[in-house]
**Student:** 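First the structure, which I've put down as structure tokens, then a few questions once you've had a look.
Quick caveat, the model's predicted, so the values are computed rather than measured. Position 1 is the first residue of the sequence; numbering continues from there.
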Amino acid sequence: MDRDVNEIDEFMEDLANLTDVSDYLSSSDSEGRKEERRIKKSRLIPFYKTRKDILTYFCEEKLMRTFRFDRVSIEYITALLEHLFPKRKTKAKRNLRPLDMVLIALQFYATGTFQTVVGNVLRYSQSSVSRSISWVSLALSLISHKHICFPANLNNLKIQFAEIARIPGIIGCIDGTHIRLQRPTVHEKAYVNRKNYHSISVQGICDANHKFLSVCATKPGSCHDSSIFKCSTIGKKFKAGDFGTSIMLGDSGYANTPFLIIPYNEPTEAYKTRFNAAHKTTRCVIDRAFGILKKRFNVLHSEIRMPPVKRLGLL
């Protein structure tokens with residue numbers, strides 16, 4: 001018994017000695033370790049503090065290349081949309097500014113790349129990028145009717161179109177295009193178009209200067225151009241006679257009506273051949289308009305990787 005007690009006493013004494021030594025080492029080296037911790041802590045700068053003010057950091061050329069808009073246009077877009085953005089209640093020290101959200105969305109539209117890549121470039125998380133794209137797209141769709149519309153005076157449209165190939169009475173050219181989508185999980189077959197890939201069918205009407213006057217982007221890729229026009233708001237207005245005797249030009253995918261003129265099918269008479277040539281020359285403006293749009297915003301030319309509800313807000 002006494003032997004066991006002595007062994008325990010010796011063990012506790014050794015433990016006390018070891019503790020004293022470690023305390024001694026700790027106290028002697030404490031200043032060096034404190035300095036090392038201070039240096040490491042100074043390097044841990046919050047992520048958002050490394051962001052730069054893009055509008056002042058980027059030159060005009062780089063702004064156009066990155067966001068497809070200049071400084072004045074970006075500020076104008078932000079002023080149009082900022083009152084439509086929802087107010088988030090968060091404990092974060094730094095919320096997303098309206099300008100930040102617009103820049104995120106514009107870069108996504110311009111590149112069509114993954115959201116994580118956009119976040120890495122602008123130093124935002126993927127969730128912030130996703131929210132910004134959704135909010136900006138929704139806000140743009142809410143004000144689109146104020147900026148994408150027919151003018152009150154249609155005579156200028158008729159004059160400009162008549163100067164192309166001398167066809168009178170034209171106020172617009174209509175066509176459809178497909179915006180490629182990632183395979184959706186809901187109603188997947190409805191989005192498969194005649195070219196056998198998933199898409200949204202977008203109908204557009206433009207003037208002689210490639211400015212869009214009407215856009216309908218609510219139908220899946222399987223819908224025919226003619227059906228989209230009949231169901232669209234602008235199609236119903238033309239049928240009701242809201243535009244009087246004005247006409248539009250379309251390709252053979254549409255039905256020939258008093259307000260929508262398509263080319264002759266396999267003409268043999270000379271006057272029909274001449275009309276088809278003039279019709280094609282005039283109607284090409286809508287093809288060029290879609291080409292310009294997709295070239296400027298690559299997200300419409302590549303594949304949109306978002307759920308269908310969010311994708312519709314982009315168009």
Side-chain angles (χ1 to χ4, degrees), residues 80 84 137-179 190-191 193-194 199-265 272 275-276 278-290 293 308-309 311-315:
L80 287 177
L84 297 173
S137 300
L138 179 59
L140 287 172
S141 65
L142 291 176
I143 67 169
S144 61
H145 66 281
K146 299 179 181 179
H147 303 272
I148 305 176
C149 60
F150 281 86
N153 185 7
L154 300 177
N155 289 328
N156 291 334
L157 297 178
K158 296 178 181 179
I159 294 172
Q160 292 170 0
F161 274 113
E163 292 175 350
I164 298 177
R166 296 186 296 177
I167 300 180
I170 303 173
I171 61 172
C173 292
I174 185 172
D175 200 4
T177 188
H178 290 280
I179 306 301
Y191 291 92
N193 59 28
R194 58 185 176 84
S199 68
I200 284 179
S201 187
V202 179
Q203 172 189 281
I205 302 173
C206 75
D207 64 8
N209 297 316
H210 311 102
K211 178 183 177 181
F212 281 95
L213 306 174
S214 174
V215 175
C216 178
T218 59
K219 303 297 181 181
S222 61
C223 290
H224 194 271
D225 290 347
S226 182
S227 300
I228 297 174
F229 178 66
K230 289 179 181 178
C231 298
S232 65
T233 303
I234 196 68
K236 294 176 181 178
K237 287 184 178 181
F238 268 98
K239 188 175 181 179
D242 292 355
F243 295 94
T245 58
S246 302
I247 62 173
M248 290 192 302
L249 298 185
D251 59 18
S252 55
Y254 296 93
N256 196 27
T257 65
F259 49 82
L260 178 55
I261 308 300
I262 66 174
Y264 288 104
N265 185 25
K272 291 183 179 180
F275 175 80
N276 278 7
H279 185 286
K280 182 179 180 180
T281 302
T282 307
R283 197 192 63 82
C284 280
V285 295
I286 185 62
D287 295 328
R288 291 195 295 270
F290 278 127
L293 182 67
V309 175
R311 292 171 186 146
L312 291 174
L314 298 179
L315 307 171

**Student:** Quick one: does any side-chain atom of Ser222 pair with a main-chain N or O of Ala190 as donor and acceptor, under 3.5 Å?
**Tutor:** yes

**Student:** Taking salt bridge (charged side-chain N to carboxylate O under 4.0 Å, His left out) as the definition, give me every residue that meets it alongside Asp175, ordered by chain and number, with sequence neighbours left out.
**Tutor:** Arg283

**Student:** Which residue is it: Val215, Thr218, Ile234? I am looking for the one with a side-chain contact (heavy atoms from CB on, under 4.5 Å) to Gln203.
**Tutor:** Ile234

**Student:** Name the orientation class of the two ring planes belonging to Phe275 and Tyr264 (parallel below 30°, tilted from 30 to 60°, perpendicular beyond 60°).
**Tutor:** perpendicular

**Student:** Taking only residues two or more places apart in sequence, or in another chain, which ones meet Asn209 in a side-chain hydrogen bond (donor to acceptor under 3.5 Å, both in side chains)?
**Tutor:** Gln160

**Student:** Would you please name every residue forming a ring pair (Phe, Tyr, Trp, His ring centres under 6.0 Å) with Tyr254, sequence neighbours left out?
**Tutor:** none

**Student:** State, to 0.1 Å, how close Leu154 and Ser246 come at their nearest heavy-atom pair, and which atoms those are.
**Tutor:** CD1-OG, 4.0 Å

**Student:** Can you tell me how far apart CZ (Arg288) and CG (Leu293) are? Round to the nearest 0.5 Å.
**Tutor:** 15.0 Å

**Student:** Are Phe229 and Ser232 side-chain neighbours, meaning at least one heavy-atom pair lies under 4.5 Å?
**Tutor:** yes

**Student:** Nearest 0.5 angstrom please: Asn153 CG to Lys158 NZ, how far?
**Tutor:** 9.5 Å

**Student:** Under a 4.5 Å cut-off applied to non-hydrogen side-chain atoms, are Leu157 and Leu213 in contact?
**Tutor:** yes

**Student:** Could you pull out the closest heavy-atom pair between Ile228 and Ser201, with the gap in Å?
**Tutor:** CD1-OG, 3.2 Å

**Student:** Determine the minimum heavy-atom distance between Ile200 and Ala217, stating which atoms define it.
**Tutor:** CG2-O, 3.9 Å

**Student:** Write out all pairs satisfying ring pair (Phe, Tyr, Trp, His ring centres under 6.0 Å) with one or both partners inside residues 199-225, taking only residues at least two apart or from two chains.
**Tutor:** Phe212-Phe290

**Student:** If you round to the nearest 0.5 Å, how far is CG of Asp225 from CD1 of Ile174?
**Tutor:** 8.0 Å

**Student:** State, to 0.1 Å, how close Ala165 and Thr282 come at their nearest heavy-atom pair, and which atoms those are.
**Tutor:** CB-OG1, 3.4 Å

**Student:** Would Leu249 and His279 count as a side-chain contact (heavy atoms from CB on, under 4.5 Å) if you check the C-alpha gap in whole Å, the side-chain angles of each, and the deciding distance to 0.1 Å?
**Tutor:** CA-CA 7 Å; Leu249 298 185; His279 185 286; 3.7 Å; yes

**Student:** Apply side chain to side chain contact (heavy atoms under 4.5 Å, CB included) to Ser199 and list each qualifying residue two or more places apart in sequence or on a separate chain.
**Tutor:** His178, Asn193, Tyr197

**Student:** What distance separates Ile171 CD1 from Met248 CE, expressed to the nearest 0.5 Å?
**Tutor:** 7.0 Å

**Student:** Counting only N and O atoms by type, is there a donor-acceptor contact under 3.5 Å from the side chain of Ser227 to the main-chain atoms of Cys223?
**Tutor:** no

**Student:** Does anything in residues 137-168 form a ring pair (Phe, Tyr, Trp, His ring centres under 6.0 Å)? List the pairs, not counting sequence neighbours.
**Tutor:** Phe150-Phe243

**Student:** Looking at CG of Leu84 and CG of Leu140, how far apart are the two atoms once the value is rounded to the nearest 0.5 Å?
**Tutor:** 9.0 Å

**Student:** Out of curiosity, Ser252 OG to Asn265 CG, how far, rounded to the nearest 0.5 Å?
**Tutor:** 7.5 Å

**Student:** Any idea which heavy atoms bring Ala289 and Cys206 closest together, and the distance?
**Tutor:** CB-SG, 4.1 Å

**Student:** Please find the pair of heavy atoms, one from Ile262 and one from Asn256, that lie closest to each other, and give the distance.
**Tutor:** N-OD1, 3.5 Å

**Student:** Quick check on Lys272: does its NZ atom have over 12 non-hydrogen neighbours (other residues, nucleotides or ligands) under 6.0 Å away?
**Tutor:** yes

